[in-house]
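Data first, discussion second: the structure below is written as structure tokens.
Naming: A, B, ... by sequence-line order, numbering from 1 per chain. Because the structure is predicted, anything quoted here is derived from the model rather than measured.
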There are 2 protein chains.
Amino acid sequence: MNSEILEKYITSLLPMPAYKAKLFANQFEFLESQKNELLLEENKISKETHFLESGFIRSFTFDNNGNEVTTNIFSAPCFVNDFLSFFKQQPTKENIQTLTNCRLWKMSFQAVQSNFHSYPEFREFGRMMLVTNYSILQDRMLGMIKHTAENRYLKLMKLHPHIFQNVPLKIIASYLGITDTSLSRIRKEISNK
Amino acid sequence: MNSEILEKYITSLLPMPAYKAKLFANQFEFLESQKNELLLEENKISKETHFLESGFIRSFTFDNNGNEVTTNIFSAPCFVNDFLSFFKQQPTKENIQTLTNCRLWKMSFQAVQSNFHSYPEFREFGRMMLVTNYSILQDRMLGMIKHTAENRYLKLMKLHPHIFQNVPLKIIASYLGITDTSLSRIRKEISNK
DNA sequence: TTTATTTCTTGCCAAATGGCAAGTGTATTT
DNA sequence: AAATACACTTGCCATTTGGCAAGAAATAAA
């Protein structure tokens, strides 16, 4: 199995010699996942970290009326995790579900801990992954405060255009913090310009 | 200087023997800060991590019209950081400003790195701090998607009532993602019930 | 192909929130 | 005390977004 994409991703988070990135990448196990599989289920404990090589994944939970709320959309290449459940080994509040067929790499919690212990670069890489994801979430939060739904839509369109060919609009709408009805109108508005 | 609160906070993030928490706490340097001081300024690099023992702090940036946007409000006890700027040692996009007089503890980036290298527990503690803050931000994001402004207000009121005695409403409004005008109306609505 | 199922759009109206400006109140400074 | 700055509220109206239901379009299943 060719782990080149994973290696490149690791190096992009923390520059390191190619052999080292390969060493780390080789400790991940490859898996393929069909559309609509659950990688993590509410109330269970996240036992492994996932790297998404290709495909789309979302995390979701439910609001007080029992409606699904999409909390995140993951667009390859990236890591897909519930950090709280994984690092604290406690039950998650979210569901993580593939939206398309996916190519994935996983590593168990034990293996991660062991690598943290053995390799300073692996620790540093793990920290960079956390910091990067924190920063992405922060940007998204800032967008929620200072942009309209239309601007958030346009921004997502620009940053991750492929999502729109692979993810239903109702899921994208929920991720953007609006209803599918409103998203439909926003798209109409834009196409009228 | 008594670092008991810091020690307790460290232990709450990662259970450890008291002597170890004390060892780590002792490596922080105490400082007092007056109201309205800037701990970090846009485009500068965050050189130290801060623990807020008492007082209130906010982070803010500007929207496209040059208006301030409050991105976060920190209510003691907690850590106050721009993780991206601190851990990557790159220029920040935010300003961090005290809203009241504050009691603080700081540690330089070099000291943090050195402690990460020397103490597995310190690394673990650092990771827990990141994970915890990520999770808090995630909850806030979820709230933006699934709650109305009124519900977000009530939730903040319940979780951090002291903020309302110490932070101007216009700053709280911005943090909640609404205008001060709307917040004023929401408060009126609630008091009418 | 036909039938179901899901997704997306649209019309109607209600509710939530924003923009602006004026007015009131409350600190702070001089 | 007077003057100044800042924080908060309110009225008026515009804009954004939501809720519901019906229908159209696309997709999946039989």
Side-chain angles (χ1 to χ4, degrees), chain A residues 34-37 56 58 60 62-70 73 97-101 141-157 163-193, chain B residues 34-37 56 58 60 62-70 73 97-101 141-157 163-193:
Chain A
Q34 293 303 110
K35 184 173 175 175
N36 285 330
E37 278 182 28
F56 295 88
R58 71 160 176 156
F60 68 96
F62 297 90
D63 67 13
N64 305 324
N65 303 320
N67 305 311
E68 286 183 4
V69 180
T70 293
I73 298 176
Q97 178 192 40
T98 57
L99 294 169
T100 60
N101 294 351
M141 187 73 229
L142 183 59
M144 288 295 286
I145 297 180
K146 77 177 198 188
H147 295 312
T148 62
E150 176 169 344
N151 284 331
R152 298 200 297 277
Y153 167 77
L154 288 171
K155 205 174 154 190
L156 183 63
M157 193 70 151
I163 287 182
F164 294 86
Q165 285 107 51
N166 291 278
V167 180
L169 288 176
K170 55 187 290 194
I171 287 179
I172 294 174
S174 177
Y175 168 79
L176 289 172
I178 55 177
T179 58
D180 54 343
T181 310
S182 288
L183 179 54
S184 182
R185 283 182 193 121
I186 286 170
R187 284 160 58 84
K188 190 182 179 185
E189 267 305 305
I190 290 171
S191 71
N192 283 348
K193 286 176 185 170
Chain B
Q34 292 303 111
K35 184 174 175 173
N36 285 330
E37 278 182 28
F56 295 88
R58 71 160 177 156
F60 68 97
F62 298 89
D63 67 14
N64 306 324
N65 303 320
N67 304 311
E68 285 183 3
V69 179
T70 293
I73 298 176
Q97 178 192 41
T98 57
L99 295 169
T100 61
N101 295 351
M141 187 73 227
L142 183 58
M144 288 294 285
I145 297 180
K146 76 177 198 187
H147 295 313
T148 62
E150 176 170 343
N151 284 330
R152 297 200 297 277
Y153 167 78
L154 288 171
K155 205 174 154 191
L156 183 64
M157 194 71 151
I163 287 182
F164 294 85
Q165 285 108 51
N166 292 278
V167 180
L169 288 176
K170 54 188 290 194
I171 287 180
I172 294 176
S174 177
Y175 168 78
L176 290 172
I178 54 178
T179 59
D180 54 343
T181 311
S182 288
L183 180 55
S184 183
R185 285 181 192 122
I186 286 170
R187 285 161 58 85
K188 190 181 179 185
E189 267 304 305
I190 290 171
S191 71
N192 283 348
K193 288 176 184 170

What distance separates [X] [atom1] from [Y] [atom2], expressed to the nearest 0.5 Å?
{"X": "A:Met141", "Y": "B:Met141", "atom1": "CE", "atom2": "CE", "value": "6.0 Å"}
{"X": "A:Thr100", "Y": "A:Lys35", "atom1": "OG1", "atom2": "NZ", "value": "8.0 Å"}
{"X": "A:Tyr153", "Y": "A:Glu189", "atom1": "OH", "atom2": "CD", "value": "12.5 Å"}
{"X": "A:Glu68", "Y": "A:Arg58", "atom1": "CD", "atom2": "CZ", "value": "4.5 Å"}
{"X": "B:Glu150", "Y": "B:Lys155", "atom1": "CD", "atom2": "NZ", "value": "14.5 Å"}
{"X": "B:Thr148", "Y": "B:Ile186", "atom1": "OG1", "atom2": "CD1", "value": "7.0 Å"}

Starting at [atom1] of [X] and ending at [atom2] of [N], how long is that distance when rounded to a whole Å?
{"X": "B:Ile186", "N": "D:dT9", "atom1": "CD1", "atom2": "C1'", "answer": "14 Å"}
{"X": "A:Ile178", "N": "C:dA16", "atom1": "CD1", "atom2": "P", "answer": "18 Å"}
{"X": "A:Asn65", "N": "D:dG18", "atom1": "CG", "atom2": "P", "answer": "14 Å"}
{"X": "A:Asn36", "N": "C:dT6", "atom1": "CG", "atom2": "P", "answer": "11 Å"}
{"X": "A:Asp180", "N": "D:dA25", "atom1": "CG", "atom2": "P", "answer": "18 Å"}
{"X": "A:Met144", "N": "C:dG18", "atom1": "CE", "atom2": "P", "answer": "12 Å"}
{"X": "A:Leu183", "N": "D:dT16", "atom1": "CG", "atom2": "P", "answer": "15 Å"}
{"X": "A:Glu189", "N": "D:dT15", "atom1": "CD", "atom2": "P", "answer": "12 Å"}

Handout entry: C:dT17 OP1/OP2 closer than 4.0 Å to side-chain N/O of B:Ser182
Key = no
Handout entry: Phosphate contact (C:dA16 OP1 or OP2) by B:Thr148 side-chain N/O below 4.0 Å
Key = no
Practice task
Return yes if some donor-acceptor pair links the side-chain N/O of A:Thr98 with the main-chain N/O of A:Asn36 below 3.5 Å, else return no.
Solution key: yes
Problem - A:Asn65 side-chain N/O to A:Asn67 backbone N/O, donor-acceptor pair under 3.5 Å - result: no
Exercise for the section: Could you work out which one of C:dT9, D:dA7, C:dT7 sits closest to the side chain of A:Arg187? Expected result: C:dT9
Fill in the blank from the handout: In B/S/- notation (B base, S sugar-phosphate only, - none; protein heavy atoms under 4.0 Å), nucleotides 19-30 of chain C written 5' to 3' is BB----------
Exercise for the section: Determine to 10° how strongly the helix from C:dT1-D:dA30 to C:dT30-D:dA1 is bent, judged from the axes of its five-pair ends. Expected result: 50°
Using atom types as modelled, flag every donor-acceptor pair under 3.5 Å from a side chain in residues 168-181 of chain A to any protein atom, sequence neighbours excluded.
| residue | atom | partner | partner atom | Å |
| --- | --- | --- | --- | --- |
| A:Ser174 | OG | A:Thr70 | N | 2.8 |
| A:Thr179 | OG1 | A:Ser182 | N | 3.2 |
| A:Thr179 | OG1 | A:Ser182 | OG | 3.3 |

